[in-house]
Chemist: 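I have a structure here, written as structure tokens, and I will follow up with some questions on it.
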Amino acid sequence: MDEQVSIRGGNTTNGKGIEGESGGRVTVPDSISPLRQLFPILNQTVRGVPLAYFDNAATTQKPVGVIEAVKRYYERDNSNVHRAAHDLAGRATLGFESARTKVAQFINARSDREIVFTRGTTESLNLIAYSYGALAVGAGDDILLTELEHHSNIVPWQLLAQRTGAKVVAAPLSDKGDIIIDQFRERLTARTKIVSFTHVSNALGTMNPVAELVSLVRRYAPQAIIVIDGAQWVAHGPTDVQALDVDFYCFSAHKLFGPTGVGVLWGKYELLERMPPFLGGGDMIDRVSFRETTFAKPPSRFEAGTPHIAGVIGLGAALDFLGLAPWPEVAAHEKAIGEQVLEGLRGVDGVRLIGAPAQRISVASFRVDGVAPIDVAVMVNNNGVALRAGHHCCMPLMERLGVSGTVRASWCLYTSQSDVESLIAAVRSTTQRRSIKRLAKVEERAVIPGAERSAPSVAAAAAALIGEFDGCPDAAMKQELLFEWGQSHRNLLERLKECTTPVPGCMSEVRVLLRRTPDGELTMASDANAGIVRGLLTVIERLVSGQQIAELREFNIRAFLVRIGIDQFLSMQRRNGLEGVLQMIEAEVGAFEGVGR
Ligand code: PMP
């Protein structure tokens with residue numbers, strides 16, 4: 001890669017990579033790609049094809065360091081933390097508490113005491129809503145969220161509102177998927193007690209302008225605390241909770257190359273110290289009696305019961321792994337991958353990107369015309385591509401965007417260019433399937449007749465065509481013949497446009513309607529906006545239309561096209577376009593027997 005990237009205000013907490021606060025340009029060598037080798041799971045085939053994992057926003061894969069740390073803990077150190085005097089408990093406690101120190105350094109917290117281990121972002125947000133909510137929110141207060149939020153940054157606040165009589169308010173989004181700053185500001189009032197928003201949207205990839213939003217809150221609602229849902233940011237760049245000037249920051253280990261079931265709540269100590277417990281039980285107390293119980297100081301106050309020790313140790317190992325990956329290089333790599341994904345998707349006919357945020361992090365949401373998001377995800381899985389489809393736990397956002405759901409591709413530091421190529425090829429293949437599906441629907445109402453049978457059998461039709469092409473002395477004459485046929489091809493384009501979708505992969509506008517008759521024949525009606533393509537469609541119609549499907553299934557159309565010398569008189573690009581037509585025919589012929597492609 002060896003490219004130039006620009007870095008602003010670089011405070012890394014992993015001690016690598018960014019030089020000072022200068023914001024200057026640095027040269028970044030490509031040390032990211034080799035890190036992929038540390039993820040054993042990526043080196044597998046799915047359905048016989050190499051896995052291309054694009055579901056990183058749901059959960060990231062784990063490097064060997066994390067897997068080994070968890071294994072080592074169970075093999076060597078397994079014991080409960082904080083309580084026993086024996087060596088194993090000492091080692092378990094040391095591993096657990098040193099992970100806390102690593103987390104504090106990772107997000108530049110003032111102290112380890114500000115790090116509370118939870119089960120994940122969801123629990124962290126619930127903890128704040130429950131505990132800080134009990135302390136500071138009452139009837140008539142507002143809790144300001146945005147339309148971008150994940151359900152876990154909506155529902156805990158709604159529950160708080162129900163308990164207290166407070167109101168949940170959502171700042172609206174632009175059509176591109178960005179928070180509308182003015183409207184956000186207008187919703188900041190003397191009633192606003194909590195403002196909670198995501199750092200990065202899991203559904204659109206929108207990176208919020210946190211500094212700008214924070215300064216608005218501090219100015220127009222200084223009494224409010226600010227909570228950030230960092231689930232989708234922490235794996236993509238440096239986090240500095242002091243520089244962000246927020247009050248709480250939440251994230252999950254599993255989206256950061258660590259284990260599931262572990263998360264972090266960072267909070268300013270002076271706030272944590274004032275907050276009542278969330279869950280009661282062991283480890284969170286100072287003294288217990290039936291008269292009165294007093295509580296431990298944070299973070300213990302919020303860590304009732306035996307924690308996920310192995311998971312926390314695994315999180316520590318994930319942070320060690322991230323120490324190998326300087327943030328500027330991660331950013332440069334992910335940016336390059338992102339550009340390839342977006343460009344690739346834009347190049348697929350029938351794909352519509354959803355959202356165009358001003359700043360995007362590692363997520364692209366899209367829809368394929370005529371194919372349900374879930375169908376797309378299921379189809380690309382056949383090509384080894386792992387994607388997510390649906391509402392992504394962001395139903396209010398989907399409603400705002402006017403879609404039931406999207407297909408989501410999300411990448412991270414180990415995503416390779418070859419993954420992107422697999423993704424784009426797989427998505428393209430779903431659009432071809434889309435045409436076939438559409439055609440099936442169209443069949444019922446289409447009144448456009450297929451071309452007449454040109455000969456009693458496919459073989460006879462092929463022989464006649466071969467004879468005519470062989471009668472041309474050279475390639476130029478063959479091409480001329482095609483143009484002539486093109487001129488007399490039936491004019492169906494406008495009618496076909498009403499009931500078909502364009503054949504994917506063609507340079508020109510090509511429409512094909514295939515139907516199956518009750519007698520087991522295939523009929524074809526087609527047209528295009530280019531003369532030579534119309535001629536070619538005449539050839540194909542003469543070959544297949546009105547012929548028995550059983551016979552067509554045995555017939556090799558590609559070999560026939562080579563036999564008539566197609567490579568001599570048709571450019572490679574046109575032949576590639578022809579491929580879309582052939583695939584439709586093959587799918588239709590296969591589909592007749594219930595053979596899916
Ligand atoms: N917020 C965002 C933005 C997320 O993407 C997710 C996970 N999809 C969550 C919160 C919840 O995280 P978890 O399920 O790990 O608690």
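Both counts, for ligands and for their atoms, begin at 1 and track the order of listing. Worth knowing before you read on, the calculation uses all heavy atoms, side chains too, and leaves out hydrogens, waters and symmetry mates.
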Chemist: Tabulate below the donor-acceptor pairs under 3.5 Å that side-chain atoms of residues 166-175 make, not counting sequence neighbours, or state none.
Modeler:
{"unit_1": "Ser174", "atom_1": "OG", "unit_2": "Lys176", "atom_2": "N", "d": "3.2"}
{"unit_1": "Ser174", "atom_1": "OG", "unit_2": "Gly177", "atom_2": "N", "d": "3.4"}
{"unit_1": "Ser174", "atom_1": "OG", "unit_2": "Asp178", "atom_2": "N", "d": "3.2"}
{"unit_1": "Ser174", "atom_1": "OG", "unit_2": "Asp178", "atom_2": "O", "d": "3.4"}
{"unit_1": "Asp175", "atom_1": "OD1", "unit_2": "Arg400", "atom_2": "NH1", "d": "3.3"}
{"unit_1": "Asp175", "atom_1": "OD1", "unit_2": "Arg400", "atom_2": "NH2", "d": "2.6"}

Chemist: Within the 3.5 Å criterion, strictly below it, is a donor on Asp419 or Tyr414 matched to an acceptor on the partner's side chain?
Modeler: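 No, because no side-chain N or O of Asp419 sits under 3.5 Å from a partner of the opposite role on Tyr414.
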Chemist: Take Lys335 and Glu339 through the salt bridge (Lys or Arg N to Asp or Glu O under 4.0 Å) test and state the conclusion after the steps.
Modeler: CA-CA 6 Å; Lys335 186 164 181 283; Glu339 276 163 14; 3.3 Å; yes
Chemist: Check ligand 1 against Thr122 and write out every atom of the ligand that is under 4.0 Å from a heavy-atom position of the residue.
Modeler: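 Counting from 1, the qualifying ligand atoms are 11 (C), 12 (O), 13 (P), 14 (O), 16 (O).
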Chemist: Any atoms of ligand 1 less than 4.0 Å from a non-hydrogen atom of Ser252? List them with their elements.
Modeler: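 Per the distance check, 12 (O), 13 (P), 15 (O), 16 (O).
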Chemist: Work out which heavy atom in Leu279 is nearest to a heavy atom in Ala304; give both atom names and the distance.
Modeler: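 Looking at all heavy atoms of both residues, the closest pair is O-CB, 3.4 Å.
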Chemist: Checking salt bridge (Lys or Arg N to Asp or Glu O under 4.0 Å) for the pair Arg72/Glu68: CA distance, chi angles, key distance, verdict?
Modeler: CA-CA 6 Å; Arg72 205 176 327 114; Glu68 286 298 322; 5.5 Å; no
Chemist: Are Phe96 and His82, when compared by the centres of their aromatic rings, separated by less than 6.0 Å?
Modeler: yes
Chemist: Give me the nearest non-hydrogen protein atom to atom 3 (C) of ligand 1 as residue plus atom name, then the distance to 0.1 Å.
Modeler: Asp229 OD2, 3.4 Å
Chemist: Would you check whether Asn153 reaches within less than 4.0 Å of ligand 1, judged by its heavy atoms?
Modeler: no
Chemist: Looking at ligand 1, would Lys255 count as a contact under a 4.0 Å heavy-atom criterion?
Modeler: yes
Chemist: Is Cys393 near ligand 1, meaning one of its heavy atoms is under 4.0 Å from it?
Modeler: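 No, Cys393 has no heavy atoms under 4.0 Å from ligand 1.
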Chemist: Check whether any N or O atom of His150, backbone or side chain, sits under 3.5 Å from an N or O atom of ligand 1, and answer yes or no.
Modeler: yes
Chemist: State whether a side-chain donor-acceptor pair under 3.5 Å links Thr198 with His150.
Modeler: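 Checked: Thr198/His150 side chains show no N/O donor-acceptor pair below 3.5 Å.
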Chemist: Please classify the Glu123 to ligand 1 contact at 4.0 Å (heavy-atom distances, strictly less than): side chain, backbone, both or neither.
Modeler: neither
Chemist: Short list, please: which atoms of ligand 1 are under 4.0 Å from a heavy atom of Ser152?
Modeler: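 Close to Ser152: 1 (N), 9 (C), 10 (C), 11 (C).
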Chemist: Checking the N or O distance criterion of under 3.5 Å, is ligand 1 in contact with Gln232?
Modeler: yes
